[in-house]
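Structure first, commentary second.
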Amino acid sequence: MIHTTHLGFPRIGRRRELKRALETYWRDGERQPLLDTARTLRERHWRLAREAGLDTVPVNDFSLYDHVLDTAVLFDAVPDRYRPLLEADPLAGYFAMARGNAELPALEMTKWFDTNYHYLVPELHAGQRFHLAGDKPLAEWREARALGLDARPVLLGPVSFLKLGKTLDGTDPLALLDSLLPAYAVLLAQLAEAGVAWVQLDEPCLVLDLDDAARRAYAYAYEVLALGPSPKRLLATYFGALEDNLALAASLPVEGLHVDLARAPGQLDAVLDALPAERVLSAGVIDGRNVWLSDPARVRPLLERIAARRGTGALWLAPSCSLLHVPIDLEQEPDAGQGWRAWLAFARQKLDELRRYADALAGDNDARCALDAQAARLAARADAEGVQRTDVRARLAALSPQAVLRRSGHAHRRVIQAEALALPPLPTTTIGSFPQTAALRRARADHRAGRLDEAGYEAVLAEEIRLAIRRQEELDLDVLVHGEPERNDMVEYFGEQLDGFGFTRHGWVQSYGSRCVKPPVIWGDVARPQAMTVRWSAYAQSLTARPVKGMLTGPVTVLQWSFVRDDLPRETVCRQLALALREEVHDLERAGIRLIQIDEPALREGLPLRRADQAAYLDWAVACFRIAAGGVADATQIHTHMCYAEFNDIIEAVAALDADVISIESSRSRMELLEAFERFRYPGDIGPGVYDIHSPRVPAAGEVVALLRKALAVLDAGQLWVNPDCGLKTRRWEEVLPALAAMVAAARTLRAELAAA
Ligand code: GLN
Ligand code: ZN
């Protein structure tokens with residue numbers, strides 16, 4: 001029988017039980033209910049795997065908050081400031097590292113490779129000592145064992161752990177390998193001693209561009225770990241092809257290698273050539289990052305090639321990566337199996353798929369028939385209504401290459417816009433959303449539940465917009481926004497109005513800690529049946545003589561924050577989105593909106609992991625933005641906004657968007673982003689954020705003046721805008737009003753100075 005397993009399961013629970021338990025614990029500090037919930041979830045998820053017929057299950061893939069943080073705590077990589085608390089109360093200390101407390105800021109958080117999961121960055125320093133400081137992997141293994149399960153502890157491998165960390169002193173984290181390896185060795189020995197047969201060492205960094213030092217670190221680390229007692233080691237790689245690291249990975253002294261054959265099926269032959277026959281090959285054939293049923297027409301040939309080359313004796317079947325990145329169970333969706341939902345597979349369904357492939361490969365007739373049926377179902381998908389629309393495809397094909405171009409170059413537009421808009425120097429504005437008040441949230445919930453009718457809901461929205469416009473006029477902001485009261489999410493709002501999108505009821509995935517997102521599903525060709533934002537933007541504009549900025553979410557961000565169909569290239573889906581947004585931009589312009597902001601906070605998130613692939617991505621991502629924005633008159637000012645990430649390394653691509661104005665998050669980094677503009681002369685206008693909207697703190701005008709002075713050292717006064725870091729929807733009006741007043745006062749101070757100079 002072919003061995004089936006998975007690399008990790010969603011932790012949050014089918015009804016987000018972990019989220020609720022965490023939030024309760026954070027409120028009342030009672031640990032036992034939280035620990036009980038955690039244990040129940042682990043147990044339930046192991047049983048699910050067994051019921052699906054999997055041969056082994058991973059343990060220690062579960063985490064109360066984040067597995068990288070777990071690893072740091074396990075090996076005592078704890079910054080001194082948390083230590084007293086961690087010693088007094090391990091759980092409180094752990095969560096202080098995760099999310100901060102009244103006295104201590106949290107560890108830095110960043111994105112886990114190119115997923116939407118965020119991990120806590122291990123904070124390291126030169127000369128750091130590590131030692132085994134916990135027993136979580138072994139304890140969870142014992143738990144599973146007590147249930148009669150064959151379990152395999154998962155550990156983040158030592159090289160990836162260090163590479164994902166950051167030293168405060170800027171020294172290379174890999175220099176700490178010698179100090180870290182003994183701690184890993186102690187753990188492996190302990191596991192071996194307890195009778196653990198296999199351990200999974202996750203080394204996703206093996207799919208990145210590695211320099212020689214990192215390659216040597218891999219060779220050295222696994223050499224050292226092979227010296228002492230240890231369970232058999234499965235080296236797990238995922239999120240891409242090993243490529244130039246394949247020879248290295250195949251040469252490491254481990255007993256098994258997991259490779260990602262969903263994202264990188266093309267590496268199979270090279271892997272088969274490189275991997276010694278006696279090693280276990282764990283074939284990641286089911287996509288652990290997306291919600292679609294696997295296509296047997298694609299997976300079976302892979303399996304047949306493997307079987308032909310090396311037989312099935314040392315073969316494991318698994319998802320491509322941990323299932324952390326998909327929702328848990330399709331069966332709790334209403335209408336599962338109907339329409340586009342018939343093509344879905346969530347974590348639990350993916351386990352069933354694995355068993356089916358393994359049984360079919362072993363000759364089981366029922367499994368073969370089931371896979372034939374699955375293939376037929378997916379083949380029919382191409383003909384299902386809405387999947388391939390001739391009208392959409394014709395419109396896209398008819399788009400001329402000139403569609404990405406504005407009518408005139410930036411310099412000319414700038415003159416025209418200055419005349420048309422007549423804004424003062426250092427114009428002030430905001431990023432789009434205003435506080436989503438309790439009353440507003442209640443109205444939305446009531447509307448959804450049918451307790452508030454359409455007219456009643458719209459009256460609430462109109463009143464919010466009226467209030468927002470009046471407040472902005474009172475604050476004396478120059479470019480106003482309608483405040484986005486009608487949107488609860490910047491992607492969902494558009495997805496709900498576009499053809500080709502679907503939504504799930506419980507399709508939650510963990511973003512970080514207790515935070516989950518429910519991405520829309522793009523299953524068909526994207527089209528815009530009617531205008532999406534014109535009504536409220538035009539209404540806002542009708543209330544004031546000042547210009548109101550239209551507000552759209554850009555094509556790349558919608559793509560990035562959705563589950564995207566796997567039967568078309570992402571680029572094509574993005575172009576469809578761009579075309580729909582282009583139509584919206586046109587309609588806004590026609591309705592008298594003179595400035596239109598197209599938000600692309602996720603532009604950088606889509607960046608491929610390998611440098612060699614990045615230029616091609618940036619090319620089409622930029623082209624899509626430009627398709628959306630390209631059709632307008634010179635006098636119409638296109639804005640874009642970015643946040644959440646470093647944009648310094650893609651500043652050329654940001655400039656290539658050819659937006660007239662960009663606003664970028666920067667106040668938290670004290671304008672560090674401006675370094676990029678020292679190197680690179682940005683042609684357009686820039687609004688580096690001067691008010692950190694993530695903090696309840698209200699800045700004083702003097703602070704804002706200081707930030708603006710920093711900006712003026714690098715930027716021309718003529719290109720500087722004054723705005724917050726991001727939208728204000730998570731803040732309260734009581735904070736927003738004084739903060740914006742300080743911002744406007746700061747702009748005035750500097751304007752007076754500029755006029756006097
Ligand atoms: N316009 C959006 C808002 O203000 C932008 C949000 C974002 O960048 N994440 O809420
Ligand atoms: Zn933002």
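Worth knowing before you read on, the calculation uses all heavy atoms, side chains too, and leaves out hydrogens, waters and symmetry mates. Atoms within each ligand, like the ligands themselves, are counted from 1 in listed order. Please read all numbers here as calculations on a predicted model, not as lab measurements.
Proximity of Leu552 to Ile596: side-chain heavy atoms (C-beta onward) are separated by under 4.5 Å at one or more points. Side-chain atoms of Glu652 and Phe680, non-hydrogen and from C-beta on, do get closer than 4.5 Å to each other.
For atom 9 (N) of ligand 1, the nearest non-hydrogen atom of the protein is Tyr644 OH, 3.1 Å. Among all protein heavy atoms, the one lying closest to atom 5 (C) of ligand 1 is Asp599 OD2, 3.3 Å. Counting protein heavy atoms only, atom 10 (O) of ligand 1 is closest to Ser433 OG, 2.8 Å.
Distances between N or O atoms of His641 and those of ligand 1 include at least one value under 3.5 Å. The distance criterion of under 3.5 Å between nitrogen or oxygen atoms is not met by Leu728 with respect to ligand 1. Residue Gln597 places no N or O, backbone or side chain, under 3.5 Å from any N or O of ligand 1.
Donor-acceptor pairing under 3.5 Å is recorded for the side chains of Glu589 and Thr636. In this model, a donor atom of one side chain and an acceptor atom of the other lie less than 3.5 Å apart for Thr428 and Asp478. Between the side chains of Glu584 and Thr533, at least one donor-acceptor pair of N or O atoms lies under 3.5 Å.
For atom 6 (C) of ligand 1, the candidate residues are Glu665, Met490, Lys549, Arg487; the nearest heavy-atom contact is made by Met490.
Those atoms of ligand 1 that come under 4.0 Å of a heavy atom in Ile431, given as number and element, are 1 (N), 4 (O). Close approach to Gly432 involves these atoms of ligand 1, each under 4.0 Å from a residue heavy atom: 4 (O). Counting the atoms of ligand 1 from 1 in the order shown, those under 4.0 Å from a heavy atom of Cys726 are 6 (C), 7 (C), 8 (O), 9 (N). Atoms of ligand 1 lying under 4.0 Å from any heavy atom of Gly727, numbered from 1 in the order shown and given with element: 3 (C), 4 (O), 10 (O).
By the criterion of a heavy-atom distance under 4.0 Å, the side chain of Glu484, and not its backbone, is placed next to ligand 1.
In this structure, Met551 has a heavy atom closer than 4.0 Å to ligand 1.
For the pair Arg99 and Trp26, the cation sits on the ring face: its NZ or CZ lies under 6.0 Å from the ring centre, inside 45° of the axis.
Looking only at N/O/S atoms, His641 comes nearest to the Zn ion (ligand 2) through NE2.
With the Zn ion (ligand 2) as vertex, Cys726 SG and Cys643 SG subtend 120°, rounded to 10°.
Other residues, nucleotides and ligands contribute more than 12 heavy atoms inside 6.0 Å of the NZ atom of Lys111. Counting non-hydrogen atoms of neighbouring residues, nucleotides and ligands closer than 6.0 angstrom, the CD atom of Glu474 exceeds 12 such neighbours.
Checked for salt-bridge contact, Arg441 and Asp446 miss the test: no charged N lies under 4.0 Å from a carboxylate O.
Aromatic pair His410/Tyr682: ring centres not closer than 6.0 Å.
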